[in-house]
There are 2 protein chains.
Amino acid sequence: MFSVPTRTQYGIRALVHLAKAEAVGRARLEKSGVPFAAAQGPVAFTATSAEIARAESISPKYLEGILTQLKAKGIVVAERGKNGGFRLARDPGEIRMLDVVEALEGEVRPVDCVEDSGCCAQGVACMPRRFWIGLKETIDGYLSSRTLRDVIDA
Amino acid sequence: MFSVPTRTQYGIRALVHLAKAEAVGRARLEKSGVPFAAAQGPVAFTATSAEIARAESISPKYLEGILTQLKAKGIVVAERGKNGGFRLARDPGEIRMLDVVEALEGEVRPVDCVEDSGCCAQGVACMPRRFWIGLKETIDGYLSSRTLRDVIDA
DNA sequence: CGGTATTCCTATCGACTTAGTGGGAATATA
DNA sequence: TATATTCCCACTAAGTCGATAGGAATACCG
Ligand code: FES
Ligand code: FES
């Protein structure tokens, strides 16, 4: 019950990988004496789709599509061409897990009548409907209270 | 995302119907001067599968299977043969929604590694895994804190 | 006993979703 | 120009889900 598609699991693992790549990149800079300056926004280091796929044992072509989807929703930024790759669009602490999940799977909606109050004869008074709305709010609450940073630091 | 199969929605609506049938049945008894005495356990009145299907506009044969499944898990009791039907196995306040959901769809398990800590190389230290376990606990918490009575009274 | 209403069991089907593959076009770097 | 990368579209294989069908087992009722 409530099983999460691999699409979403892969997407999150890729984001975790990107966050780590960022941390590693900054550390390397510091070590070589060059202070970190965020030139292209808060996140500067990229990783290629193929690289992430290898590290995480995910089907390369499949992950490619997932990252493209994440990019379309503004979670990551893509750089095309040689030496291109993906990087986080903003700091991990600013990426809500709810946004990630919605980017990959659409809105949390246990049943259609969460929005469609007319799916049974009772309409708005429908009792099961309120039960499902409560579930949606509970899930949304959990997901929106965590950021990618929380996942990494867990 | 997190959409609930019709199987579960139908099952819950059927249980709500059974709870109502019980209330209506008792009221009729009271009216005719006969005091209610729970002879066969806390719940006495039955409804047939076909009857519920008609009232709730659910495919009759499909609902039949759902009710049988609910019976196998001890949520309802079946009486075969003529004048048979289904009734709640216990008082609505004693039926946790978590048990209903698990009866129809199995345990809440967003990802396999909720139990299998060895699904990626990081094992127990895996960060996404903890995130998913947190989600499972959140959902389980919501579902186990409500009973069928809460759904009806909502 | 025979008729009927009910649950119970098993098999099947079509539509949809999911995970994954493939081929290449566009784009940026060197 | 050669190369490495994202991007785009179409496709397939396998699984799940909702629903249907046919009948066997069981219980009541006359
Ligand atoms: S409004 Fe959807 S089941 Fe009642
Ligand atoms: S243990 Fe399942 S993804 Fe790491």
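Just so it is clear, the model here is predicted, and its values are computed rather than measured. Quick note on labels: first sequence line is chain A, next is B, and so on, each numbered from 1.
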(request) On DNA chain C, check which nucleotide each of Ala50(B) and Ser59(A) is closest to and give me the residue with the more 5' one. (result) Ala50(B)
(request) Write down the distance between CG (Asp112(B)) and P (dA19(C)), rounded to a whole number of angstrom. (result) 12 Å
(message) Side chain of Lys82(B) only, heavy atoms from C-beta on: which candidate in dT4(C), dT6(C), dG18(D) is closest?
(response) dT4(C)
(message) Taking Pro110(B)'s backbone N and O only, do any of them form a donor-acceptor pair with Lys136(B)'s side chain (distance below 3.5 Å, no angle check)?
(response) no
(request) Consider the side chain of Asn83(A), meaning its heavy atoms from C-beta on, and name the nucleotide among dT6(D), dA19(D), dA30(C) that approaches it most closely. (result) dA30(C)
(request) Side chain of Thr68(B) only, please: which of dC7(D), dC8(C), dA19(D) is the nearest? (result) dC8(C)
(request) Spell out yes or no: do the side chain of Lys61(B) and the base of dG18(D) have one donor N/O and one acceptor N/O closer than 3.5 Å? (result) no
(message) Would Ile139(A) and Thr138(B) count as a side-chain contact (heavy atoms from CB on, under 4.5 Å) here? Give the steps.
(response) CA-CA 7 Å; Ile139(A) 295 175; Thr138(B) 300; over 6 Å; no
(request) Test salt bridge (Lys or Arg N to Asp or Glu O under 4.0 Å) on Arg87(A) and Glu79(A) and set out the steps. (result) CA-CA 8 Å; Arg87(A) 66 172 200 274; Glu79(A) 277 159 17; 2.3 Å; yes
(request) Pick base, sugar-phosphate or nothing for Gly85(A), based on heavy-atom distances below 4.0 Å to the nucleic acid. (result) sugar-phosphate
(message) Please report the distance, rounded to the nearest Å, between CZ in Arg13(A) and C1' in dA19(C).
(response) 14 Å
(message) Measure CZ/Arg7(A) against P/dG15(D) and give the value in whole Å, please.
(response) 20 Å
(request) Would you confirm whether Arg13(A), through its side chain, and Glu56(A), through its main-chain N or O, come within 3.5 Å as a donor-acceptor pair? (result) yes
(request) Just compare dG18(D), dC8(C), dT6(D) and give me whichever is closest to any side-chain atom of Phe86(A). (result) dT6(D)
(request) Counting heavy atoms from C-beta on, name the nucleotide in dT6(D), dT7(C), dC8(C) closest to the side chain of Glu64(B). (result) dC8(C)
(request) Measure the distance from CD on Gln69(B) to C1' on dT7(C) and round it to the nearest whole Å. (result) 15 Å
(message) Between C1' on dT6(D) and CG on Leu18(A), what's the gap in Å once rounded to a whole number?
(response) 14 Å
(request) Figure out the CG/P separation between Leu63(B) and dC8(C), and round it to whole Å. (result) 12 Å
(message) Counting only side-chain nitrogens and oxygens, does Tyr62(A) get under 4.0 Å of the OP1 or OP2 atom of dT18(C)?
(response) no
(request) Please state whether the phosphate of dT6(D), meaning OP1 or OP2, lies under 4.0 angstrom from any side-chain nitrogen or oxygen of Lys71(A). (result) no
(request) May I ask you to verify whether the side chain of Arg80(A) and the base of dA26(C) hold a donor-acceptor pair under 3.5 Å? (result) yes
(message) Whole angstroms only, please: what is the CG-C1' distance between Leu70(B) and dT7(C)?
(response) 14 Å
(request) Kindly work out whether a path of hydrophobic side-chain contacts (I/L/V/M/F/W/Y, heavy atoms less than 4.5 Å apart) joins Val77(B) to Ile66(B). (result) no
(message) Measure CD1/Ile58(A) against P/dG20(C) and give the value in whole Å, please.
(response) 9 Å
